Amino acid sequence: MRIVLAGSTGVIGRRLEPILTARGHEVIGLARNGPVAVDVLDRDAVAAAVRDARPDVVMHQLTSLSTGDFAANSRLRRTGTRNLVDAALAAGVRRIVAQSIAWAYEPGAEPAAEETPLDLDAPEPRQTSVAGAAALESAVQEAPEWVLLRYGTLYGPGTWYARDGLMAQFAAAGKVPADADVSSLLHVDDAVAAAVAALEWPVGVVNVCDDEPAAASQWVPAFCAAANVPAPAVTEGERHGWARGASNHHARTHLGWNPTYPSWRQGFATL
């Protein structure tokens, strides 16, 4: 297939492109500094690039997270996705595969399934991220065929949670809490594998995360040990209701997706 890969120079995109190419697909990479240099916030430029590429599929792996600016990332998810989806529909693209997040669910007691509503009434600053993800998902679902990959918290080379990543720096400064809040994590290589598989998955939303949602009091000290930075003191208290993690049961049971790193415990050993 001809695939437009938006975000081709990002942490997932740059791993995804050679895999897709090796499988015989023709990949047209879109990024501000990519093979096809396009600012996804420039509506006309995106429309022209997608039209000229004539793709069968658009893969949306765009983020703006290098500086930790969540407002900028939300803007990209809102406006950039809108531009990309409109360009895809105008070019007759049938399928869009897009990256979303697995920590935007409403509060609850158990890890969230795909049917769990998003936390649309969250207060700020969480509201910014949830609203951005919701806008992205709504736009993508306008395509005739779509798959939304709700990724867990990414770790591994090039991510925030790497030996040289932003969170290792924050942890060294004592700014990463080891509290009761639960997360679902995901090695970046497993995120890439899911994106490749999603080319053939049925329409729908899919949680893509490992098997072991865990409180920060468990996984943050393990990450710090792997990154060779001091671990913070474990703090007491109740978790935030939305910090519940997500279940990968659907991906494992119905789609045959199995993470190479089923737990952050094994994955952190590779950092």
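What you see is a predicted model, and the numbers here were worked out from it, not measured in a lab.
- Atoms OH and CD, from Y105 and E115 in turn, are 8.0 Å apart once rounded to the nearest 0.5 Å.
- With hydrogens and angles disregarded, no donor-acceptor distance shorter than 3.5 Å links the side chain of S183 to the backbone of L185.
- Residues passing the salt bridge (Lys or Arg N to Asp or Glu O under 4.0 Å) test with E110, sequence neighbours excluded: none.
- Looking at every heavy atom in both residues, A139 comes nearest to R82 through CB-NH1, 3.8 Å.
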For this session: Using the side chain to side chain donor-acceptor pair (under 3.5 Å) rule, take T260 and H187 through it: C-alpha gap first, then chi angles, then the decisive distance, then the call.
Result: CA-CA 8 Å; T260 300; H187 192 285; over 6 Å; no
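- Atom CG of L118 sits about 10.5 Å away from atom OG of S138, to the nearest 0.5 Å.
- Between S100 and V205 the shortest side-chain heavy-atom distance does not fall below 4.5 Å.
- For P213, the side chain to side chain contact (heavy atoms under 4.5 Å, CB included) partners two or more places apart in sequence, or in a different chain, are P111, V182, S184.
- Considering every non-hydrogen atom in both P144 and V203, the closest pair reads O-CG2, 4.5 Å.
- Residue pairs meeting the salt bridge (Lys or Arg N to Asp or Glu O under 4.0 Å) criterion with at least one partner in residues 243-252, sequence neighbours excluded, are D211-R252.
- The side-chain hydrogen bond (donor to acceptor under 3.5 Å, both in side chains) pairs that include a residue from residues 214-241 are D181-H240, where partners are two or more places apart or lie in different chains.
- Rounded to the nearest 0.5 Å, atoms CE (M167) and SG (C224) are 11.5 Å apart.
- Pairs of residues two or more places apart, or lying in two chains, that qualify as salt bridge (Lys or Arg N to Asp or Glu O under 4.0 Å) and include a residue from residues 146-175 are E137-R150.
- Residues V85 and I96 are in side-chain contact: their nearest non-hydrogen atoms beyond the backbone lie under 4.5 Å apart.
- Listed by first and then second residue, the side-chain hydrogen bond (donor to acceptor under 3.5 Å, both in side chains) pairs involving residues 17-42 are R2-E26 (not counting sequence neighbours).
- The OH atom of Y155 lies 6.5 Å from the OG1 atom of T270; values are rounded to the nearest 0.5 Å.
- Atom CG of residue L255 and atom CD of residue E200 lie 11.5 Å apart, to the nearest 0.5 angstrom.
- A heavy-atom distance below 4.5 Å is found between the side chains of Y261 and D190.
- Enclosure of atom CZ in R75 is not indicated, since only 12 or fewer non-hydrogen atoms of other residues, nucleotides or ligands lie within 6.0 angstrom.
- Pairs passing the salt bridge (Lys or Arg N to Asp or Glu O under 4.0 Å) check and including a residue from residues 53-62, sequence neighbours excluded, do not occur.
- When every heavy atom of T9 is checked against every heavy atom of A31, the shortest pair comes out as OG1-CB, 3.5 Å.
- One distance of note links CZ of R78 with OG1 of T128; it measures 8.0 Å at 0.5 Å rounding.
- Residues satisfying the salt bridge (Lys or Arg N to Asp or Glu O under 4.0 Å) criterion with D179, sequence neighbours excluded, are absent altogether.
- Annotation: salt bridge (Lys or Arg N to Asp or Glu O under 4.0 Å) contacts of R43 (sequence neighbours excluded): D86.
- Put simply, the side chain of N207 does not reach to within 4.5 Å of the side chain of Y151, judged on heavy atoms.
- Two residues are said to be in side-chain contact when any heavy atoms from C-beta on lie closer than 4.5 Å; R95 and V147 meet this criterion.
- Taking P117 as the reference, E106 meet the side chain to side chain contact (heavy atoms under 4.5 Å, CB included) condition, with sequence neighbours excluded.
- A 4.5 Å side-chain heavy-atom check between V40 and L76 finds at least one atom pair inside the cut-off.
- In this structure, the side chain to side chain contact (heavy atoms under 4.5 Å, CB included) partners of A178, at least two apart in sequence or on a different chain, are V220, P221, P232, V234.
- Here the closest non-hydrogen pair linking W264 and A222 is CZ3-CB, 3.7 Å.
- By the 4.5 Å heavy-atom criterion applied to side chains, I101 and R77 are counted as neighbours.
- Residue V11 forms a side chain to side chain contact (heavy atoms under 4.5 Å, CB included) with just one option from V192, L16, T159, T63, and that option is T159.
- Between Y161 and F223, the ring center distance clears the sub-6.0 Å criterion.
- No donor-acceptor pair under 3.5 Å is formed between the side chain of E212 and the backbone N or O of S263.
- You'll find the side chain of L199 reaches within 4.5 Å of the side chain of V57, heavy atoms only.
- Listed by chain and number, the residues in a side chain to side chain contact (heavy atoms under 4.5 Å, CB included) with A194 are W201, V208, W257 (sequence neighbours excluded).
- No side-chain donor-acceptor contact under 3.5 Å links R51 to the backbone of A91.
- Residues A168 and V229 approach most closely at O-CG1, 3.9 Å, considering heavy atoms.
- V46 and V38 get closest at one heavy-atom pair: CG2-CG1, 3.7 Å.
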